[in-house]
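What follows is a single structure, written as structure tokens, with notes after it.
These figures come from a predicted structure and were not determined experimentally.
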Amino acid sequence: MLVTSLRQLAPVKCRTVVINVNTDLIATRAVLSAIELAGPPVLLVNCDPTAASRSAFERLMGTHDFDLIERPLRDHGTTLDQLFLNLSDDFLLLLDSDAELLDARFVDWMRAKCDLPQSFGAGFTEGPFYLLEEWDAPREVFWFVERPWIPCVMFNRQVVVAALHSGKTFRAKAVPNDVAISARVSRFLAARWGPPWGAHSERFQALPEAVRREIASWRLDWLRWARRQYQGKRPGVAVFDTGAALYQHLRFEKHLLFAGIPVDLMDGEVHHYSGVTRHALLGPTLRDTDGRSVEAQVVQRLADGYGYAWSE
């Protein structure tokens, strides 16, 4: 069913949500896997829709039962905040458009864990670790804070909404940390790393280019004592990817539990083409998948796994 407002959707025990941004083919795989293994209701959020995406999903709605809503393109965390605040379901299963559910027992396990009164969610956990040089990050500077593995995760919606009302958010952020007692000094120093990870600082940009190049080589390891600890480390910058700040609040401030399996121990529960949406929006990086490179594979998977013939 095509809806224009989330309020049109009657509350249920558990709803699966897939967010699509210019990845229509792969999002179709996500939706079909959710319908088959998690069961309805499934909500597809089509962000910044095109004529092609409208046509593709209208055709899919002709043969499969799911709900569709169109939304403007926003950062992922803001979209998730709005979904949790405007839906009324007990649990929300978030499934990335580039992910595919493969094991219905895993979905049942997440539901059972979310039903426990001391739990706020279930799925896999990602991190903590230092971002690697292949991510265009300097060695042992950017600390990726532990979070739920967002490509496939289930949350108790009411618990999350209470956190959102208290000012928490799914939005990503990076916290400069060279001098923990001074956000201004830390931001100035973090600007030396440049894009994509460095902070923006007008004062740093005002320095002569030769000085900026010189400062860019500074590791400032002697400032380690002045940095805040994260999981026993004192990084130059703490990276809170989507969902990390909310997770940290619920897990370590509210002392609730997350039933999490380290994502490195994933054993066939989910298949994920990492970073297809990011690649489509921002261009190539070493850690992302170009959706065009897997089109034939996904078309075949739709046919073999779900009996669905993809049409442009």
Side-chain angles (χ1 to χ4, degrees), residues 15-38 42-50 52-53 56-57 60 64 66 68-71 73-80 83 92-104 106-107 110 123-127 134-135 144 147-155 170 172 196 241-244 261 263-264 266-306 308 310 312:
R15 186 184 308 275
T16 304
V17 179
V18 178
I19 300 173
N20 176 61
V21 184
N22 300 330
T23 55
D24 307 339
L25 170 61
I26 295 179
T28 297
R29 183 188 72 149
V31 169
L32 292 180
S33 75
I35 292 171
E36 181 165 311
L37 296 181
V42 175
L43 171 64
L44 174 62
V45 181
N46 192 19
C47 297
D48 200 16
T50 64
S53 69
F57 296 135
L60 185 62
H64 292 80
F66 67 98
L68 174 66
I69 191 168
E70 296 182 347
R71 279 292 181 261
L73 177 61
R74 299 174 176 173
D75 70 88
H76 194 39
T78 298
T79 298
L80 291 178
L83 282 167
L92 291 181
L93 170 57
L94 306 180
L95 184 66
D96 268 11
S97 62
D98 49 13
E100 178 186 12
L101 288 171
L102 297 176
D103 190 342
F106 179 61
V107 178
M110 286 191 288
F124 297 101
T125 58
E126 183 178 22
E134 67 186 42
W135 291 27
F144 188 96
R147 68 164 188 162
W149 190 64
I150 291 296
C152 182
V153 60
M154 188 178 292
F155 287 108
F170 276 97
D241 206 346
T242 303
I261 304 168
V263 71
D264 290 341
M266 184 184 294
D267 188 25
E269 296 88 353
V270 182
H271 179 267
H272 182 233
Y273 290 116
S274 178
V276 170
T277 299
R278 186 169 48 232
H279 185 283
L281 292 176
L282 303 178
T285 73
L286 292 175
R287 58 197 174 102
D288 293 340
T289 302
D290 182 351
R292 293 170 299 181
S293 70
V294 297
E295 284 181 356
Q297 182 179 346
V298 175
V299 169
Q300 193 64 48
R301 174 61 181 158
L302 293 180
D304 295 343
Y306 303 102
Y308 186 75
W310 172 259
E312 293 288 352

Output all residues satisfying side chain to side chain donor-acceptor pair (under 3.5 Å) with Asp48, sequence neighbours left out; order by chain, then residue number. none
Calculate, to the nearest 0.5 Å, the distance between atoms CG and OG1 belonging to Leu94 and Thr79 respectively. 11.5 Å
Determine the minimum heavy-atom distance between Val270 and Leu102, stating which atoms define it. C-CD1, 4.0 Å
Minimum heavy-atom separation for Glu36 and Gly305, please, with both atom names. OE1-O, 4.2 Å
Which heavy-atom pair separates Ala30 from Ala99 by the least distance, and what is that distance? CB-O, 3.2 Å
Kindly write out the residues that satisfy side-chain contact (heavy atoms from CB on, under 4.5 Å) with Ala56, not counting sequence neighbours, or none if the list is empty. Trp310
Closest contact, heavy atoms only, Pro148 versus Gly243: CD-O, 3.9 Å
For the atom pair CD1 (Ile19) and CD1 (Ile69), what is the distance rounded to the nearest 0.5 Å? 11.5 Å
Who are the ring-ring contact (aromatic ring centres under 6.0 Å, His included) partners of Phe57, not counting sequence neighbours? none
Applying side-chain contact (heavy atoms from CB on, under 4.5 Å), can you list everything that pairs with Ala172, at least two apart in sequence or on another chain? Asp241, Thr242
Which is it for Glu126 and Val153 under the side-chain contact (heavy atoms from CB on, under 4.5 Å) test, yes or no, and what are the steps along the way? CA-CA 11 Å; Glu126 183 178 22; Val153 60; over 6 Å; no
With sequence neighbours left out, what residues match Asp75 under salt bridge (charged side-chain N to carboxylate O under 4.0 Å, His left out)? none
Sequence-distant partners of Tyr306, ring-ring contact (aromatic ring centres under 6.0 Å, His included), two or more places apart: none
Quick one: CG on Leu25 to CG on Leu302, what's the gap to the nearest 0.5 Å? 6.0 Å
Kindly indicate whether the side chain of Glu269, heavy atoms from C-beta on, has any atom under 4.5 Å from the side chain of Cys152. no
With sequence neighbours left out, the residues meeting ring-ring contact (aromatic ring centres under 6.0 Å, His included) with Tyr308 are His64
d(Arg15 CZ, Phe66 CZ) to nearest 0.5 Å is 13.5 Å
Partners passing side chain to side chain donor-acceptor pair (under 3.5 Å) against Asn46 (at least two apart in sequence or in another chain): Asn20, Ser53
Kindly give the heavy-atom pair with the smallest separation between Asp96 and Ile150, and that separation in Å. OD1-O, 3.8 Å
Just jot down the side chain to side chain donor-acceptor pair (under 3.5 Å) partners of Glu70, sequence neighbours excluded, or say none. Arg54
Nearest 0.5 angstrom please: Thr28 OG1 to Leu60 CG, how far? 5.5 Å
Applying side-chain contact (heavy atoms from CB on, under 4.5 Å), run through Cys47 and Val21 and close with a yes or a no. CA-CA 5 Å; Cys47 297; Val21 184; 3.8 Å; yes
Taken to the nearest 0.5 Å, the spacing of Leu101 CG from Thr16 OG1 works out to 7.0 Å
Residue pairs meeting salt bridge (charged side-chain N to carboxylate O under 4.0 Å, His left out), one or both in residues 21-31, sequence neighbours left out, come to Arg29-Glu100
Please identify each residue that fulfils side chain to side chain donor-acceptor pair (under 3.5 Å) with Gln300, with sequence neighbours left out. Asp304
Minimum heavy-atom distance Gly123-Phe106, with the two atoms named: CA-CZ, 4.1 Å
